[in-house]
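Both backbone and side-chain heavy atoms feed into the values below; hydrogens, waters and symmetry mates do not. If you read the sequence from its start, that first residue is 1, and numbering goes on from there.
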Amino acid sequence: MTGVLWRSTDPPKMPSELRQPWAIVHSSLMGFVHQSMDEHVEHFADNFESDWDDGGSQEAHTQMIGRMLYEGDFEDSVLKLDQVQWELEDGRIVFRGIVVLAPSGPSPLVYTVENTDQGWKIIHLDGPKI
């Protein structure tokens, strides 16, 4: 990991009722940017699932993303947040339009969050198929 440089567009303006769910998504994104897997998965639900072709579980996701970060796959990337959209879907909030512009190409992300007994948790993360 050498010379990692991240830039980011301004975060979207959120209605007040979405600030807390967005805060956990943003925290996960910042964990990714800071290459801190603990921060990236801090708000994942116990039943978290992923569509990154990584096996789907939190452990598999952590292992795959950690390896990609270690190998420098996301060096000199830009986190684009200016096109974020959200929608309510079956009591869950889905955040779309998050894009990591990496040298290898764009990686669109879709986060799904749900209000659980332990507060807002990330239950699903859809990303690029690798």
Side-chain angles (χ1 to χ4, degrees):
M1 293 184 290
T2 61
V4 176
L5 171 67
W6 279 88
R7 296 169 303 199
S8 178
T9 58
D10 291 333
K13 302 281 191 254
M14 293 279 161
S16 60
E17 64 271 12
L18 294 181
R19 287 192 186 131
Q20 190 173 12
W22 172 252
I24 68 161
V25 170
H26 191 258
S27 172
S28 177
L29 291 167
M30 290 300 97
F32 184 72
V33 167
H34 299 140
Q35 299 186 10
S36 166
M37 291 310 299
D38 289 339
E39 186 180 0
H40 177 61
V41 303
E42 178 181 4
H43 297 287
F44 282 11
D46 292 337
N47 62 343
F48 169 83
E49 293 181 354
S50 169
D51 286 345
W52 280 56
D53 286 345
D54 58 5
S57 70
Q58 179 176 335
E59 293 79 18
H61 177 78
T62 300
Q63 190 174 50
M64 181 199 68
I65 295 296
R67 177 188 52 79
M68 293 173 78
L69 289 170
Y70 179 78
E71 292 175 355
D73 291 349
F74 295 104
E75 287 188 11
D76 300 322
S77 293
V78 176
L79 181 60
K80 281 188 51 72
L81 301 176
D82 57 342
Q83 299 296 313
V84 173
Q85 300 171 3
W86 51 88
E87 61 188 63
L88 189 61
E89 195 174 278
D90 296 326
R92 299 171 174 157
I93 300 171
V94 180
F95 292 97
R96 302 179 193 284
I98 301 165
V99 179
V100 176
L101 296 176
S104 60
S107 297
L109 304 176
V110 178
Y111 276 84
T112 303
V113 298
E114 182 175 63
N115 199 357
T116 69
D117 293 341
Q118 292 109 20
W120 287 99
K121 294 289 183 180
I122 298 166
I123 61 168
H124 192 267
L125 176 56
D126 190 6
K129 307 305 181 249
I130 51 177

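The salt bridge (Lys or Arg N to Asp or Glu O under 4.0 Å) contacts involving residues 93-115 comprise E87-R96, E89-R96, R92-E114, where partners must be two or more places apart or lie in separate chains. Residue pairs meeting the salt bridge (Lys or Arg N to Asp or Glu O under 4.0 Å) criterion with at least one partner in residues 21-40, sequence neighbours excluded, do not occur; the list is empty. For residues 115-124, no pair satisfies salt bridge (Lys or Arg N to Asp or Glu O under 4.0 Å), with sequence neighbours left out.
For E17, the side-chain contact (heavy atoms from CB on, under 4.5 Å) partners at least two apart in sequence or on another chain are P15. Residues that satisfy the side chain to side chain donor-acceptor pair (under 3.5 Å) test with H43, not counting sequence neighbours, are absent from this structure. Applying the side-chain contact (heavy atoms from CB on, under 4.5 Å) rule to N47 yields the partners A45, I123; only residues at least two apart in sequence or on another chain are considered.
Using a 4.5 Å cut-off between side-chain heavy atoms of Ile, Leu, Val, Met, Phe, Trp and Tyr, V110 falls into a hydrophobic cluster with V94.
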Contacts table for residues 19-33: side-chain donor-acceptor under 3.5 angstrom, sequence neighbours left out:
{"residue": "S28", "atom": "OG", "partner": "H40", "partner atom": "O", "Å": "2.8"}
{"residue": "S28", "atom": "OG", "partner": "H40", "partner atom": "ND1", "Å": "3.1"}
{"residue": "S28", "atom": "OG", "partner": "Y111", "partner atom": "OH", "Å": "2.9"}

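Here the side chains of L109 and D126 are not in contact, with every heavy-atom distance at 4.5 Å or above. A 4.5 Å side-chain heavy-atom check between I98 and L79 finds at least one atom pair inside the cut-off.
The nearest pair of heavy atoms linking I93 to W120 is CD1-CH2, 3.6 Å.
Atom-to-atom distance recorded for L125:CG and F48:CZ is 5.0 Å, nearest 0.5 angstrom.
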